[in-house]
Asks: 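So that we are looking at the same thing, I have put the structure below in structure tokens.
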Amino acid sequence: MRAWNRAKLLWAYLTRRSNVRALPVEYIVETTAKCNLYCPMCPRETHKQPKEDMSGEIFERLVRESGHTAEHMMLIGLGEPLLDPQIFDRIHYCETHGISTLLSTNGTLLDENAALRLLSTPLKHVTMSFDGATKESYEFYRKGARFEKVRDNFVRFARLKHERRVPIQIVAQMVRMERNASEVEDFVRFWSAVPGVDQVRIKEDETNLMRPTAGHDSSDWRHPCHYLWRGPMYVKHNGDVYPCCQSYMLDGKPVGNIAAQDLPSIFNGPEMQRMRKLHTTGRAHEIDICARCCVTIPHPILVAGSLVLHGETVRKLLPLVERLTYLRKLPARLLSPPKPTSGSEDLVQISNANRKD
């Protein structure tokens with residue numbers, strides 16, 4: 001069923017159909033809107049969030065309706081996943097429907113008990129968000145967190161994973177910004193030496209908050225954005241559904257609500273079809289959220305590859321594509337990055353796959 005769904009998505013994308021008789025492969029699901037930190041680069045600082053969790057009814061309906069087609073769910077959003085009291089149960093619920101899961105955490109709540117509970121779940125991927133190699137820069141960007149405590153939490157989590165040989169991918173990630181840009185080498189050096197860390201990732205901010213003038217102009221839209229066909233769609237804690245992970249942060253409007261509508265009617269609703277039509281006719285720049293988006297647009301060849309393979313496999317291979325991009329080993333025509341602000345650099349991806357622990 002999932003392979004057939006991907007085939008239909010691929011056909012619809014390549015033939016530029018606005019009406020898609022399939023469902024997304026991936027979803028970003030905000031199981032909680034609560035967070036315990038203040039981070040100046042986070043969209044929640046410009047989009048006030050309620051202290052609420054996604055209800056079990058909304059979450060279970062989403063999983064049930066997507067259960068035969070969804071392959072990967074990222075249980076993240078504008079909240080800290082470990083503040084969701086149901087997060088461990090939600091991971092298991094996805095597994096019972098054949099959906100792999102990922103989460104990203106700020107690490108403040110990842111004590112030994114939480115680490116062991118997380119490692120006992122079928123979770124496939126954890127991103128450890130740690131924006132700095134020094135106390136000064138880290139605590140500037142992660143206000144309310146203590147550098148030493150969070151670092152120790154992450155190191156212990158990775159070590160426990162390594163010692164217990166848990167098949168979970170761990171990525172240590174830093175978003176490169178003005179105050180921590182000079183710390184890239186130190187960050188890579190430290191986390192590359194931690195047993196259990198599979199990859200170290202240095203990436204650009206994709207929220208427009210740190211790069212307000214970045215975005216795409218009409219010349220970038222030679223190919224339609226795969227998010228409108230493949231996903232991930234973004235589901236807010238209250239059930240509101242957005243076309244992609246960027247649309248909410250760019251003040252886009254929801255295209256439906258999973259509590260009130262079924263998933264197929266949302267995915268093929270009037271607004272989704274309108275956006276697809278503009279993308280397939282080279283007019284994506286007329287959509288405000290697309291013009292201001294900071295995500296790189298891949299060539300249809302890469303999109304096709306992402307639909308031939310299972311979503312979980314694509315998630316594992318994504319860092320390799322990023323690394324090849326950074327090393328300029330992918331032809332420039334395969335990727336259309338947003339127009340950067342002056343002085344901006346490409347993202348960096350460092351893999352530890354060949355490191356001997």
Asks: Below 4.5 Å, heavy atoms only, C-beta onward: do Leu119 and Phe157 meet side chain to side chain?
Replies: yes
Asks: Evaluate the side-chain proximity of Gln273 to Asn19: yes if any heavy-atom separation is below 4.5 Å, no if none is.
Replies: yes
Asks: Do the non-hydrogen side-chain atoms of Met74 and Tyr234 ever get within less than 4.5 Å of each other?
Replies: no
Asks: Considering non-hydrogen atoms only, spot the tightest contact between Ala33 and His237 and give its length.
Replies: CB-ND1, 3.8 Å
Asks: Any Lys/Arg nitrogen of Lys161 or Asp198 sitting under 4.0 Å from an Asp/Glu carboxylate oxygen of the other?
Replies: yes
Asks: Tell me if the NE2 atom of His68 is crowded by more than 12 foreign heavy atoms within 6.0 Å.
Replies: no
Asks: Are there more than 12 heavy atoms of other residues, nucleotides or ligands under 6.0 Å from atom NZ of Lys143?
Replies: yes
Asks: Between Asp186 and Arg189, is there a salt bridge with N-O shorter than 4.0 Å?
Replies: yes
Asks: Hey, what do you get for OG1 (Thr101) to CD1 (Ile168), rounding to the nearest 0.5 Å?
Replies: 8.0 Å
Asks: Between Phe187 and Arg151, is there a cation-pi geometry (under 6.0 Å to ring centre, at most 45° from the normal)?
Replies: no
Asks: State whether the side chain of Asn180 and the backbone N or O of Val175 hold a donor-acceptor pair below 3.5 Å, judged by distance alone.
Replies: yes
Asks: If you take all heavy atoms of Tyr27 and Ala70, which pair is closest and at what distance?
Replies: CE1-CB, 3.6 Å
Asks: Give the ring-plane orientation class for Phe59 versus Tyr93, where under 30° counts as parallel, over 60° as perpendicular and anything between as tilted.
Replies: tilted
Asks: For Arg61, does the CZ atom have more than 12 heavy-atom neighbours from other residues, nucleotides or ligands under 6.0 Å away?
Replies: yes
Asks: Does a donor on one side chain sit under 3.5 Å from an acceptor on the other, for Asn36 and Glu80?
Replies: no
Asks: Between Lys253 and Glu271, is there a salt bridge with N-O shorter than 4.0 Å?
Replies: no
